[in-house]
Amino acid sequence: MKYLALIYSNEQEEMSRGDAFQKQVLDEYMAFEGWLAGQKGVKLGGNALQPTPSATTVRVRNGKTLTTDGPFAETKEQLGGYYLLEAKDLDEAIKLAARIPTAKYGSIEVRPIMEFN
């Protein structure tokens with residue numbers, strides 16, 4: 001089955017931790033990416049996202065397109081990236097998500113992908 005692992009963390013908190021923290025997290029992600037590369041067929045895709053100030057929220061109401069700068073809702077944690085993973089079941093997907101470095105200080109939401117036939 002395919003699962004989307006959505007990576008959430010507090011952007012402000014991350015930035016306030018400084019350059020050493022940023023380098024450590026990047027190194028951990030590079031190691032995780034290396035590990036994933038050795039797991040044939042597990043990683044189907046994934047990307048980091050630009051910070052929330054670069055986001056635009058789009059809504060269509062009564063045929064009019066409305067845009068708002070920034071994310072849809074104020075939250076303590078922001079969506080920072082994702083992985084599209086292949087796992088045999090939810091338990092395996094959770095084990096994979098637990099290895100994502102941000103899981104140590106943020107959260108990872110795991111959702112099965114709905115497949116239409």
Side-chain angles (χ1 to χ4, degrees):
M1 283 188 72
K2 293 182 179 101
Y3 293 88
L4 192 61
L6 300 163
I7 303 165
Y8 290 93
S9 65
N10 185 314
E11 285 179 351
Q12 301 266 341
E13 188 178 294
E14 278 185 337
M15 298 309 278
S16 71
R17 291 184 180 184
D19 292 341
F21 175 78
Q22 298 297 324
K23 183 178 179 339
Q24 176 187 341
V25 170
L26 183 59
D27 290 347
E28 289 176 8
Y29 267 98
M30 291 300 105
F32 178 66
E33 285 282 335
W35 177 82
L36 267 181
Q39 309 299 305
K40 288 235 185 260
V42 171
K43 180 183 174 188
L44 303 176
N47 286 293
L49 301 175
Q50 294 288 333
T52 55
S54 68
T56 302
T57 298
V58 178
R59 295 177 185 83
V60 177
R61 301 292 186 269
N62 299 320
K64 276 185 129 174
T65 300
L66 309 168
T67 61
T68 307
D69 291 340
F72 172 69
E74 292 291 325
T75 61
K76 290 184 180 184
E77 293 184 328
Q78 294 76 37
L79 178 62
Y82 67 92
Y83 283 101
L84 180 58
L85 304 169
E86 181 74 39
K88 68 179 180 182
D89 56 25
L90 180 59
D91 289 336
E92 183 179 41
I94 289 170
K95 287 177 184 171
L96 292 167
R99 294 185 73 131
I100 297 172
T102 302
K104 291 185 275 185
Y105 60 87
S107 60
I108 312 299
E109 179 182 345
V110 177
R111 279 202 202 175
I113 297 295
M114 190 177 296
E115 296 190 37
F116 299 96
N117 295 329

For Tyr82, the hydrophobic cluster (side chain heavy atoms closer than 4.5 Å, chained through members) also holds Leu4, Leu6, Tyr8, Leu44, Leu49, Leu79, Leu84, Ile113

Using side chain to side chain donor-acceptor pair (under 3.5 Å) as the criterion, list what pairs up with Lys40, not counting sequence neighbours. none

All heavy atoms of Glu109 vs all of Arg111, minimum pair found to be OE2-NE, 2.6 Å

Contacts of Asn10 meeting side chain to side chain donor-acceptor pair (under 3.5 Å) (sequence neighbours excluded), chain-then-number -> none

In the hydrophobic cluster built from side-chain contacts under 4.5 Å, what are the other members alongside Ile100? Met1, Tyr3, Ile7, Phe21, Val25, Tyr29, Phe32, Trp35, Leu36, Val42, Tyr83, Leu85, Leu90, Ile94, Leu96, Tyr105, Ile108, Val110

Arg99: partners by side chain to side chain donor-acceptor pair (under 3.5 Å), with sequence neighbours left out: none

Please go through Met30's hydrophobic cluster and name the other residues, only I, L, V, M, F, W, Y counting, with side-chain heavy atoms under 4.5 Å joining them. Leu26

Do the side-chain N and O atoms of Ser9 and Glu14 include a donor-acceptor pair separated by under 3.5 angstrom? yes

Once you round to the nearest 0.5 Å, how far does CZ of Arg59 lie from OG1 of Thr67? 9.5 Å

Those residues at least two apart in sequence (or on a different chain) that pass salt bridge (Lys or Arg N to Asp or Glu O under 4.0 Å) with Glu11 are none

Verify the neighbour count for atom CD of Gln22: are there more than 12 heavy atoms of other residues, nucleotides or ligands below 6.0 Å? yes

What residues, two or more places apart in sequence or in another chain, satisfy salt bridge (Lys or Arg N to Asp or Glu O under 4.0 Å) together with Lys104? Glu28

Mind checking salt bridge (Lys or Arg N to Asp or Glu O under 4.0 Å) for Glu33 and listing every partner two or more places apart, or none if nothing turns up? Lys43

Considering only Ile, Leu, Val, Met, Phe, Trp and Tyr, and joining two whenever side-chain heavy atoms are under 4.5 Å apart, list the other residues clustered with Met114. Phe116

I need the minimum non-hydrogen distance between Ala103 and Ala97, along with the two atoms involved. CB-O, 4.0 Å

For Asp91, all residues meeting side chain to side chain contact (heavy atoms under 4.5 Å, CB included), sequence neighbours excluded: Asp89

Heavy-atom pair of closest approach, residues Ala87 and Ala93: CB-N, 3.7 Å

By the ring pair (Phe, Tyr, Trp, His ring centres under 6.0 Å) test, which pairs, at least two apart or in different chains, include something from residues 36-65? none

Rounded distance [0.5 Å steps], CD in Glu86 versus CD in Glu92: 8.5 Å

Flag the pair Lys23 and Asp27 as a salt bridge only when some basic side-chain nitrogen lies within less than 4.0 angstrom of an acidic carboxylate oxygen. yes

